[in-house]
Amino acid sequence: MTEILRLISSYRARRPARVSAFLDELFRRLARCERSEARDTEDRIWDVWMHHPHDAAARELDLATGDIAARRYDIAETRLTLLLRRAPDFAEAWHKRAALYYMLGRDGECLHDIRRRLELEPRHFGAMLHFAEILRSSEAAAEASVAAHFAVATARSIHPHLTIPD
């Protein structure tokens with residue numbers, strides 16, 4: 001938990017593993033756009049995150065995403081694990097597997113993948129929100145509540161139009 005909080009607090013000082021001027025511009029636009037433009041800008045950010053320079057890796061991520069939607073969780077986990085062995089720098093694959101682990105209640109594994117995701121893409125507001133959700137469901141309520149609030153506030157500093165409760 002401490003390592004993830006450190007990553008969240010230092011996101012401005014760190015660069016993504018895959019530098020993209022286009023993605024940087026989308027984040028600048030997201031920070032200053034009107035609410036009516038935010039959803040489109042967010043969708044474009046997710047599209048960039050889902051992309052990988054190797055088409056096969058992007059296809060595998062799409063297949064795993066479909067497996068999760070179809071509740072074929074074991075197949076999705078296998079696909080994502082194999083994908084991450086072949087493309088350990090594919091940040092969105094870490095995020096998808098973290099989301100799968102979250103859905104399965106495997107919080108320790110989820111936190112591991114969130115940490116890796118934030119190492120590769122410091123501005124990942126979705127990973128910050130997943131982290132906050134895990135904290136909110138934890139037993140250590142007081143300390144976790146403060147950390148969850150911090151994670152949500154940081155995500156909102158990146159994406160001011162998030163509609164997630166504190």
Side-chain angles (χ1 to χ4, degrees), residues 1-20 23 27 30 42 45-52 57-58 60-160 162-166:
M1 181 170 100
T2 303
E3 179 63 17
I4 294 172
L5 286 170
R6 186 192 63 74
L7 289 168
I8 291 171
S9 68
S10 66
Y11 86 89
R12 283 189 174 103
R14 296 181 300 108
R15 294 293 299 157
R18 284 191 351 205
V19 176
S20 163
L23 187 58
F27 274 105
L30 185 63
E42 178 185 337
I45 289 169
W46 283 104
D47 288 344
V48 172
W49 283 341
M50 291 290 289
H51 175 76
H52 192 276
E60 280 299 308
L61 185 60
D62 285 340
L63 289 171
T65 300
D67 291 331
I68 292 169
R71 297 182 179 188
R72 294 187 298 261
Y73 301 135
D74 55 338
I75 295 170
E77 181 179 8
T78 299
R79 274 190 210 280
L80 289 167
T81 299
L82 291 173
L83 173 57
L84 288 167
R85 284 184 190 149
R86 289 190 309 274
D89 65 333
F90 194 179
E92 194 57 23
W94 289 100
H95 182 68
K96 290 294 183 200
R97 195 171 73 170
L100 173 63
Y101 288 152
Y102 177 77
M103 292 168 56
L104 297 174
R106 293 164 58 183
D107 292 350
E109 292 160 297
C110 177
L111 289 170
H112 172 271
D113 287 4
I114 286 172
R115 181 189 53 77
R116 186 66 182 128
R117 176 57 165 130
L118 289 169
E119 288 172 348
L120 294 168
E121 173 49 81
R123 304 164 293 189
H124 200 290
F125 48 84
M128 292 176 193
L129 295 177
H130 273 144
F131 178 61
E133 286 301 313
I134 289 171
L135 292 176
R136 287 179 174 154
S137 66
S138 76
E139 297 298 319
E143 180 182 312
S145 177
V146 170
H149 180 75
F150 173 74
V152 170
T154 305
R156 280 199 177 121
S157 75
I158 297 166
H159 185 339
L162 284 172
T163 55
I164 302 297
D166 282 322

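Note: hydrogens, waters and symmetry copies are ignored here, and every other heavy atom, side chains too, is used. What you see is a predicted model; the values in this text were computed from it and never measured.
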Interatomic distance, [X] atom [atom1] to [Y] atom [atom2] [nearest 0.5 angstrom]:
{"X": "Leu80", "Y": "Arg97", "atom1": "CG", "atom2": "CZ", "result": "7.5 Å"}
{"X": "Asp107", "Y": "Ile134", "atom1": "CG", "atom2": "CD1", "result": "4.5 Å"}
{"X": "Leu100", "Y": "Leu104", "atom1": "CG", "atom2": "CG", "result": "4.5 Å"}
{"X": "Arg115", "Y": "Arg6", "atom1": "CZ", "atom2": "CZ", "result": "9.5 Å"}
{"X": "Leu162", "Y": "Glu42", "atom1": "CG", "atom2": "CD", "result": "6.5 Å"}
{"X": "Ile4", "Y": "Phe131", "atom1": "CD1", "atom2": "CZ", "result": "5.0 Å"}

Handout entry: Leu118 backbone acceptor or donor facing Arg14 side chain under 3.5 Å
Key =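 Yes; at least one donor-acceptor contact below 3.5 Å.
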Problem - Backbone N/O of Pro88 and side chain of Trp94: donor-acceptor pair under 3.5 Å - result: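 Side chain of Trp94 to backbone of Pro88, a donor-acceptor pair under 3.5 Å: yes, one is there.
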Practice task
Would you check, one step at a time, whether the test side-chain contact (heavy atoms from CB on, under 4.5 Å) holds for Val152 with Arg136?
Solution key: CA-CA 11 Å; Val152 170; Arg136 287 179 174 154; 3.6 Å; yes
Within the 4.5 Å heavy-atom criterion, are [X] and [Y] side-chain neighbours or not?
{"X": "Pro122", "Y": "Ser10", "value": "no"}
{"X": "Met103", "Y": "Tyr101", "value": "no"}
{"X": "Met50", "Y": "Asp47", "value": "no"}

Problem - Verdict with reasoning, Glu133 to Leu129, per side-chain contact (heavy atoms from CB on, under 4.5 Å) - result: CA-CA 6 Å; Glu133 286 301 313; Leu129 295 177; 5.7 Å; no
Exercise for the section: Check whether the ring centres of His51 and Trp46 lie less than 6.0 Å apart, and answer yes or no. Expected result: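 Ring centres of Trp46 and His51 not closer than 6.0 Å.
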Problem - Worked check of side-chain contact (heavy atoms from CB on, under 4.5 Å) between His95 and His130 - result: CA-CA 9 Å; His95 182 68; His130 273 144; 3.2 Å; yes
Problem - Cation over ring face, Arg117 and Trp49, 6.0 Å, 45° - result: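 The answer is yes; both the distance and angle limits are met.
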Problem - Lys/Arg N to Asp/Glu carboxylate O, Arg106 vs Glu77, below 4.0 Å - result: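 The answer is yes: the pair qualifies as a salt bridge.
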Exercise for the section: Run the salt-bridge test on Arg79 and Glu60 with the 4.0 Å N-O cut-off and return the result as yes or no. Expected result: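 Yes.
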Problem - Donor-acceptor pair between His52 and Glu92 side chains, under 3.5 angstrom - result: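 No donor-acceptor contact under 3.5 Å links the two side chains.
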Locate the shortest heavy-atom distance separating [X] from [Y]; write the atom from each residue and the value.
{"X": "Phe90", "Y": "Leu84", "value": "O-CD2, 3.9 Å"}
{"X": "Pro16", "Y": "Val19", "value": "O-CG2, 3.6 Å"}
{"X": "Lys96", "Y": "Ile68", "value": "O-CD1, 4.0 Å"}
{"X": "Arg72", "Y": "Gly66", "value": "NH2-O, 4.0 Å"}
{"X": "Ala127", "Y": "Ile114", "value": "O-CG2, 3.8 Å"}
{"X": "Ala98", "Y": "Cys110", "value": "O-SG, 3.2 Å"}

Handout entry: Criterion side-chain contact (heavy atoms from CB on, under 4.5 Å) on Glu121 and Leu23, from CA distance to verdict
Key = CA-CA 11 Å; Glu121 173 49 81; Leu23 187 58; 3.7 Å; yes
Practice task
Indicate the ring-plane relationship of Phe125 and His159, choosing parallel, tilted or perpendicular according to the 30° and 60° boundaries.
Solution key: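 Perpendicular: the ring planes of Phe125 and His159 meet at over 60°.
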